[in-house]
Every structure is written in structure tokens, then in C-alpha cells.
Amino acid sequence: MYCRHIAVSALRWQCAQWRHGRGAFGAAWCHARGCSGQSKEHYKVLVLGGGSGGITMSARMKRKVGAENVAVIEPSENHYYQPIWTLVGAGAKTVRSSGRPTASVVPSGVKWIKARVQEIDPDKNTVRTDNGKEISYQYLIVALGLQLHYEKIKGLPEGFEHPKIGSNYSVQTVEKTWKALQNFKEGNAIFSFPNTPVKCAGAPQKIMYLSDAYFRKTGKRSNANIIYNTSLPVLFGIKKYAESLWEIVKTRDLTVNLRHNLTEVRADKQEAVFEKLDSPGETVVFEYEMLHVTPPMGPPEVLKGNSLADQAGWLDLDKDTLQHKTYRNVFGIGDCTNLPTAKTAAAVAAQSSVLDRTISKVMKKDKPDKKYDGYTSCPLVTSYNTVILAEFDYNGQPLETFPIDQSKERRLMYHMKADLMPHLYWHGLLKGFWGGPGPYRKIMHLGMK
Ligand code: FAD
Ligand code: UQ1
């Protein structure tokens with residue numbers, strides 16, 4: 001039985017070599033042994049993860065190599081537009097509006113493999129799924145996103161069964177934020193930021209500004225202590241926008257405690273425990289009437305310890321071309337990568353056009369020539385009708401699309417975030433037509449020069 005297993009594996013491997021145009025045996029050898037190219041699962045381009053980056057690249061790869069040569073592995077029945085959860089948590093949008101069936105976003109003709117990737121073997125060009133399938137590829141695009149770790153906070157996730165606690169970071173908990181806001185009477189409203197990399201680093205404080213606005217609108221503000229406890233030593237990483245945010249914090253009477261990391265939630269007692277990162281061993285307990293949790297985050301489990309990952313577990317990419325540093329037929333996009341920029345859908349958009357070009361070049365055995373500048377963007381929602389549109393690059397330098405000062409709160413930017421962006425996402429980005437605002441930025445700034 002064991003020997004037969006080895007023999008079958010060897011046969012499959014040999015045939016995979018033939019399909020890759022390598023190996024000692026040819027088509028006739030493989031067909032004679034009942035292993036036709038058609039019956040085996042092999043794709044020219046295999047995409048791991050059907051989130052923002054995975055669906056975007058599936059659409060772009062379909063145009064490049066034909067739908068029948070592309071597959072995407074994604075276990076979830078639904079695809080979510082996560083950026084709108086900030087507004088869902090504040091009651092300005094419905095959670096229903098954030099999701100669509102995965103079947104409707106996978107490009108037509110592209111194979112959707114509804115499974116979870118369990119193992120990647122980049123030396124053999126194969127991937128194994130949780131339902132036991134082995135799939136081989138010629139080119140691999142890794143778009144697995146990141147993992148949320150609520151369980152790393154003592155008392156969670158079970159604490160979410162109590163009221164007064166919510167989190168905009170998952171579809172299961174985002175409506176709890178809105179419930180906690182509505183039920184708020186008086187006391188502390190606390191907002192946390194973890195001691196790990198996060199996606200959309202502005203989101204943990206956006207919900208604080210919206211809560212402040214909601215309390216003012218409903219006459220509860222004078223009963224509320226609004227507290228932002230962040231593990232970071234700064235309010236926001238880019239000075240230009242941080243200055244505006246500090247001004248808002250001051251004028252709206254919000255409290256910011258830097259270097260405070262949430263470690264425990266005692267939901268039955270409505271207490272949150274924070275460690276003071278600059279005084280090792282020291283903790284401080286806050287009572288809360290409302291708690292918004294941004295969970296610790298980390299790389300996908302399947303990448304940790306894999307030869308595709310760096311020491312921390314993130315996909316190890318060339319920061320300019322998005323090609324893997326050692327496996328030249330492997331590429332990546334989005335939150336699962338170690339690209340030294342903020343993890344956002346806006347970054348995915350800009351990365352997608354560079355990666356498209358890189359893959360074209362690699363397929364033609366040319367040298368990749370387009371460079372990703374690290375573009376990322378975070379629409380900092382500061383009320384129910386204003387946004388500061390932060391946009392910046394690898395160097396932390398503002399890289400603004402519009403020829404106006406984007407560090408100011410603007411109504412127009414709110415409408416862009418709430419009304420325009422969802423359309424751009426579903427009909428532009430996911431269809432492979434939106435590669436970020438780079439080309440428009442150049443046009444918009446022409447008149448200024
Ligand atoms: P995802 O879109 O998360 O997709 C990863 C996919 O991989 C998922 O579908 C998952 O099911 C799948 N997957 C995971 N493990 C496996 C496995 N083992 N096998 C197969 N599939 C797997 N970005 C902005 O640009 N602007 C914003 O205003 C903004 N606001 C945000 C607010 C919130 C509250 C949140 C949560 C996010 C926000 N973002 C924002 C960030 C943005 O949503 C992400 O950066 C973006 O979705 C990243 O895309 P991705 O493809 O890397 O990951
Ligand atoms: C963007 O491209 C994008 O991806 C579709 C987002 O995610 C939802 C964004 O939030 C932003 C701000 C951008 C950048 C787009 C423009 C027009 C500045």
C-alpha cells in the first residue's frame with residue numbers, strides 16, 4: 001500500500017514535470033500510465049486566497065493566460081468589502097451591503113477550488129488542501145491575507161457573548177460595535193490598538209471619532225470618557241496626518257494613552273486590562289461601558305515555517321517587483337506579504353498593476369521592470385461626514401492624489417470613502433481594472449507644476 005502510494009506520487013511528479021516542460025519523460029509516457037494533463041489538477045497560474053488581492057489577480061491573470069488556466073483556492077462562501085466595516089460599526093452602513101457570494105466575484109471561467117490551503121511545497125510546485133487535493137502550478141500567487149488573533153487576549157473570543165464589546169475587524173463582531181454604541185449610557189468608551197502589525201492601521205481610531213460624533217448627536221457626549229489605548233508610541237505613523245489627528249483629539253476632548261496594550265478582557269465585570277509597554281510587568285485596569293477591540297494579527301498559519309516565509313512568517317518578497325526572493329515562479333500581494341508598507345486594499349490596488357507587469361515579464365523570461373513605490377492609503381474617517389485622506393509611500397512620504405491639502409478634514413473625501421470606494425472596489429479593483437490612483441495623481445498635479 002505504502003509502496004503504491006510512493007509509486008503514484010512519483011508518477012504524478014514526473015507528469016507534473018512534463019506539463020512544466022521539464023523532466024525526462026514525455027506526453028506519451030504520461031498518457032500510457034493513465035495520467036493525462038487534463039484529468040490532473042494543474043494550473044498555469046494558481047492563486048491562494050480569494051480576498052481583495054486574490055480575486056484581483058485572478059481577473060488580471062484570466063486576461064493574460066485565459067480563464068481555463070487559472071484557479072483560485074478560497075474556503076469562504078462569501079467575499080467581504082472589509083473597509084466598509086468601519087461605517088457598519090458606527091451604524092452608517094449595513095453588514096449585508098459589505099458581502100457578496102464568492103461565486104459571484106470569482107471571474108467567470110476561472111476555477112474556484114472551495115478549500116483551505118494546508119501545505120505549500122514550492123520545491124515541487126504543489127499545494128495541498130484540507131480536503132486532500134494536491135494541485136500543481138507553473139506560477140503561484142500568494143494572497144492569503146493575515147490572521148486575526150482574538151484568542152491571544154485573555155477572555156476573548158468568549159467575551160463577545162457579553163454586550164458592550166465589539167470589533168469592526170470581523171464580520172461576526174462588527175454589528176456588536178453598533179449595538180454597544182447604541183446602548184451606551186455613561187462611563188468609559190475604550191478603543192484598543194494591539195502590539196502587532198495590523199491591517200488598515202487607522203481603523204482602530206476611526207471608530208473612536210465616529211463614536212464621539214454619535215455621542216454628540218445623541219446627547220450622550222457629556223456622560224462619556226473616550227479613551228484610545230494604543231500599543232504604538234505615536235497616534236499615526238505619518239507626521240503630516242498625525243499632526244491633524246492630535247489637533248482633533250485635543251479639540252474633541254479625547255484621551256490618548258500611548259504604549260498601552262490590551263491583554264485581558266473581563267467581560268462579566270466590564271473590565272479591560274492593559275500592559276504598559278514602557279514599564280514591563282505593570283498593568284492597568286480600565287472599567288468600560290463600551291469596548292472596541294482591535295485584535296492582535298499575524299501571518300497565515302500555512303506560511304509560518306514555510307520556505308516561502310521570512311522569519312516572522314510573512315511572504316518574503318522583493319519589495320520592488322513583488323516576486324518571491326528565492327522562488328522565481330512565486331509572487332505575492334496584500335496583507336500576507338512582508339512589503340514594508342501599511343496593509344490596505346489601496347495598497348493591494350497599486351500592487352496589482354505592478355505584479356501584473358512583473359508576471360508578464362517573468363512569463364516572457366524578461367527582467368521585471370516596473371517598481372512598486374509602497375503606495376498605500378488610509379481614509380481616516382473623523383466623523384459621519386468628514387475624512388482625512390492619508391496617502392503615502394515606502395518612505396512614509398505623503399503621496400497625495402488630489403492637488404489639495406489632504407491632511408484637512410473634508411466632506412468630499414467622506415463621500416469618496418462611503419459612496420464611491422465600494423463601487424471602485426467591486427467593479428474596478430476586483431475586475432482587474434483599478435491599479436491605484438498613480439496615473440490620475442500625475443494628471444491632477446499637472447496643472448500645479
Ligand atoms: P483579504 O482580503 O483579507 O483576503 C485573504 C483571503 O485569504 C480571505 O478570503 C481568506 O479567507 C483567504 N484565506 C486565508 N487563509 C487561507 C487558506 N489557508 N487557504 C485558502 N484561503 C485562505 N483598506 C483600505 O484600503 N482602506 C480602508 O479604509 C480600509 N479599512 C479597513 C477597515 C477594517 C475594519 C478592516 C478589517 C480592513 C480595512 N482595510 C482597508 C484593509 C483591507 O480590507 C485589507 O488590507 C485587504 O482586504 C487585504 O487584501 P488581502 O487579499 O491581502 O487579504
Ligand atoms: C483605493 O484605491 C482603495 O482600493 C480600492 C481603497 O480601498 C477601499 C481606498 O480606501 C483608497 C483611498 C484607494 C485610493 C483611491 C483614490 C481614488 C485616492
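Just so you know, these numbers come straight off a predicted model, no measurement behind them. When a ligand or atom number is given, it counts from 1 through the structure's own listing order.
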Chemist: Looking only at heavy atoms of Q147, does any of them come nearer than 4.0 Å to an atom of ligand 1?
Modeler: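 It does not, in that no heavy atom of Q147 comes within the 4.0 Å cut-off of ligand 1.
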Chemist: With sequence neighbours excluded, what pairs up with E77 under the side-chain contact (heavy atoms from CB on, under 4.5 Å) test?
Modeler: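 Partners of E77 by the side-chain contact (heavy atoms from CB on, under 4.5 Å) criterion, ordered by chain and then number, come out as W112, K114.
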Chemist: Would the Y425 and Y81 ring centres measure less than 6.0 Å apart?
Modeler: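 Yes, the ring centres sit under 6.0 Å apart.
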Chemist: Which atoms of ligand 1 sit under 4.0 Å from any heavy atom of G334?
Modeler: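 Listed by number with element, the hits are 52 (O).
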Chemist: Heavy-atom contact check, 4.0 Å cutoff: does P75 meet ligand 1?
Modeler: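 Per 4.0 Å heavy-atom rule, P75 contacts ligand 1.
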Chemist: Below 3.5 Å only, please: the N or O atoms of ligand 2 paired with protein N or O atoms, distance on each line.
Modeler:
residue  : atom  : partner : partner atom : Å
ligand 2 : 2 (O) : W434    : NE1          : 2.8

Chemist: Students should be able to answer this: which protein heavy-atom is nearest to atom 53 (O) of ligand 1, and at what distance?
Modeler: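 Among all protein heavy atoms, the one nearest atom 53 (O) of ligand 1 is G145 CA, 3.4 Å.
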Chemist: What do we get for K417 next to ligand 1 when only non-hydrogen atoms under 4.0 Å count, side chain, backbone, both or neither?
Modeler: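 Near ligand 1, K417 shows its side chain, while the N, CA, C and O stay back.
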Chemist: Quick check on contacts: which atoms of ligand 1 are under 4.0 angstrom from a heavy atom of S76?
Modeler: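 Those atoms are 11 (O).
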Chemist: Would you kindly specify which portion of A143 sits under 4.0 Å from ligand 1, judged on non-hydrogen atoms: side chain, backbone, both or neither?
Modeler: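 Backbone only.
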Chemist: Show, in sequence, the C-alpha distance, side-chain angles and deciding distance for S170 and T173, and conclude whether the side chain to side chain contact (heavy atoms under 4.5 Å, CB included) test is met.
Modeler: CA-CA 5 Å; S170 84; T173 55; 2.7 Å; yes
Chemist: Tell me the protein heavy atom at minimum distance from atom 51 (O) of ligand 1, and give that distance in Å.
Modeler: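 For atom 51 (O) of ligand 1, the nearest protein heavy atom is G53 N, 2.8 Å.
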Chemist: Going by the order shown, which atoms of ligand 1 are within less than 4.0 Å of some heavy atom of G51?
Modeler: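 Going through ligand 1 atom by atom, the ones under 4.0 Å from G51 are 2 (O), 4 (O), 6 (C), 9 (O), 51 (O).
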Chemist: Tell me which one of T129, V72, I120 satisfies side-chain contact (heavy atoms from CB on, under 4.5 Å) with L48.
Modeler: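 Between L48 and the candidates, side-chain contact (heavy atoms from CB on, under 4.5 Å) is satisfied uniquely by I120.
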Chemist: What protein heavy atom is closest to atom 47 (O) of ligand 1, reported as residue, atom name and distance in Å?
Modeler: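 Here the nearest protein heavy atom works out to S52 OG, 2.8 Å.
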Chemist: For this output row, return yes or no: ring centroids of Y440 and W434 closer than 6.0 angstrom.
Modeler: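 Here the rings of W434 and Y440 have centres that are less than 6.0 Å from each other.
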Chemist: If you count the atoms of ligand 1 from 1 in the order shown, which ones are under 4.0 Å from a heavy atom of N168?
Modeler: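 Contacts of ligand 1 toward N168, numbered from 1: 34 (C).
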Chemist: To the nearest 0.1 Å, how far is atom 15 (N) of ligand 1 from its closest protein heavy atom, and which atom is that?
Modeler: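 Result: R116 NH1, 3.6 Å.
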Chemist: Which atoms of ligand 1 have any heavy atom of I73 under 4.0 Å away?
Modeler: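 Heavy-atom distances to I73 below 4.0 Å select 20 (C), 21 (N).
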Chemist: Thinking salt bridges, do K240 and D405 make one under a 4.0 Å N-O criterion?
Modeler: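 Result for this pair is yes, salt bridge flagged.
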Chemist: Answer yes or no: does an N/O atom from A203 fall short of 3.5 Å to an N/O atom of ligand 1?
Modeler: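 Between A203 and ligand 1, no N or O pair is found under 3.5 Å apart.
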Chemist: Given E74, K343, M57, which has its nearest heavy atom closest to atom 10 (C) of ligand 1?
Modeler: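 The nearest heavy atom belongs to E74.
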Chemist: Strictly under 4.0 Å, does any heavy atom of L144 approach an atom of ligand 1?
Modeler: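 Heavy atoms of L144 do come under 4.0 Å of ligand 1.
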Chemist: Is the gap between the ring centers of Y372 and Y394 under 6.0 Å?
Modeler: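 They qualify: ring centres under 6.0 Å apart.
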Chemist: Between the side chains of D318 and K325, is the shortest nitrogen-to-carboxylate-oxygen separation below 4.0 Å, so that they form an ion pair?
Modeler: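 Salt bridge between K325 and D318, a charged N being under 4.0 Å from a carboxylate O: no.
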Chemist: Taking Q406 for its side chain and L389 for its backbone only, find out whether a donor-acceptor pair lies under 3.5 Å.
Modeler: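 Yes, because the side chain of Q406 sits within donor-acceptor range (under 3.5 Å) of the backbone of L389.
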Chemist: Is D335 close to ligand 1, meaning an N/O of one under 3.5 Å from an N/O of the other?
Modeler: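 N/O-N/O distance under 3.5 Å: yes.
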Chemist: How about F392 and Y375: are their ring centres within less than 6.0 Å of each other?
Modeler: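 No, ring centres 6.0 Å or more apart.
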Chemist: When you measure from the heavy atoms of K206 to every atom of ligand 1, does any distance fall below 4.0 Å?
Modeler: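 Distance cut 4.0 Å: K206 passes for ligand 1.
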Chemist: Given side chains that start at C-beta, do those of L146 and W314 come closer than 4.5 Å, heavy atoms only?
Modeler: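 Yes, side chains in contact.
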Chemist: Pairs of nitrogen or oxygen atoms closer than 3.5 Å, one from A345 and one from ligand 1: do any exist?
Modeler: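 Yes - when backbone and side-chain N and O of A345 are compared with those of ligand 1, one distance drops under 3.5 Å.
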Chemist: In the protein, which heavy atom is nearest to atom 38 (C) of ligand 1, and how far is it?
Modeler: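 The closest one turns out to be C200 CB, 3.5 Å.
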Chemist: Just to confirm my output: which protein heavy-atom neighbour is closest to atom 27 (C) of ligand 1, and how far is it?
Modeler: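 Nearest protein contact, heavy atoms only, for atom 27 (C) of ligand 1 is P83 CB, 3.6 Å.
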Chemist: With respect to P379, determine whether any N or O atom, backbone or side chain, lies less than 3.5 Å from an N or O atom of ligand 1.
Modeler: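 Not met; the criterion fails.
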Chemist: Dump the intermediate steps for salt bridge (charged side-chain N to carboxylate O under 4.0 Å, His left out) on E175 and K179, then the final yes or no.
Modeler: CA-CA 6 Å; E175 286 174 301; K179 280 211 179 78; over 6 Å; no
Chemist: Please identify which atoms of ligand 1 are closer than 4.0 Å to at least one heavy atom of T86.
Modeler: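 Within the 4.0 Å cut-off of T86, ligand 1 contributes 32 (C).
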Chemist: Is there a donor-acceptor pair closer than 3.5 Å between any side-chain N or O of K343 and the backbone N or O of D335?
Modeler: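 Yes; at least one donor-acceptor contact below 3.5 Å.
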Chemist: Show every side chain to side chain donor-acceptor pair (under 3.5 Å) that has at least one partner inside residues 66-76, sequence neighbours left out.
Modeler: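 Qualifying pairs: E74-S76.
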Chemist: Using a strict cut-off of less than 4.0 Å between a Lys/Arg side-chain nitrogen and an Asp/Glu carboxylate oxygen, indicate whether E400 and R441 qualify as a salt bridge.
Modeler: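 No, this pair does not count.
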Chemist: With salt bridge (charged side-chain N to carboxylate O under 4.0 Å, His left out) as the criterion, how do E409 and R252 come out once you've worked through the C-alpha distance, each side chain's angles and the decisive distance to 0.1 Å?
Modeler: CA-CA 14 Å; E409 292 181 276; R252 297 193 195 158; 2.8 Å; yes
Chemist: Does any N or O of ligand 1 fall below 3.5 Å from an N or O anywhere on V117, backbone included?
Modeler: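 In this structure, V117 places an N or O atom under 3.5 Å from an N or O of ligand 1.
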Chemist: Enumerate the residue pairs fulfilling side chain to side chain donor-acceptor pair (under 3.5 Å) with a member in residues 88-100, sequence neighbours excluded, ordered by first and then second residue.
Modeler: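 Found W85-S98.
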Chemist: How about H324 and D316: do any of their side-chain heavy atoms sit closer than 4.5 Å?
Modeler: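 Result yes, sub-4.5 Å side-chain heavy-atom pair found.
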Chemist: Any nitrogen or oxygen of Q82, side chain or backbone, less than 3.5 Å from one on ligand 1?
Modeler: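 Among all N and O atoms of Q82, at least one is under 3.5 Å from an N or O of ligand 1.
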Chemist: May I ask you to list the atoms of ligand 1 that are less than 4.0 angstrom from any heavy atom of Y169?
Modeler: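 It comes down to these atoms of ligand 1: 36 (C).
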Chemist: Any chance the side chains of S167 and Y150 put a donor and an acceptor closer than 3.5 Å?
Modeler: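 Yes, because at least one side-chain N or O of S167 sits under 3.5 Å from a partner of the opposite role on Y150.
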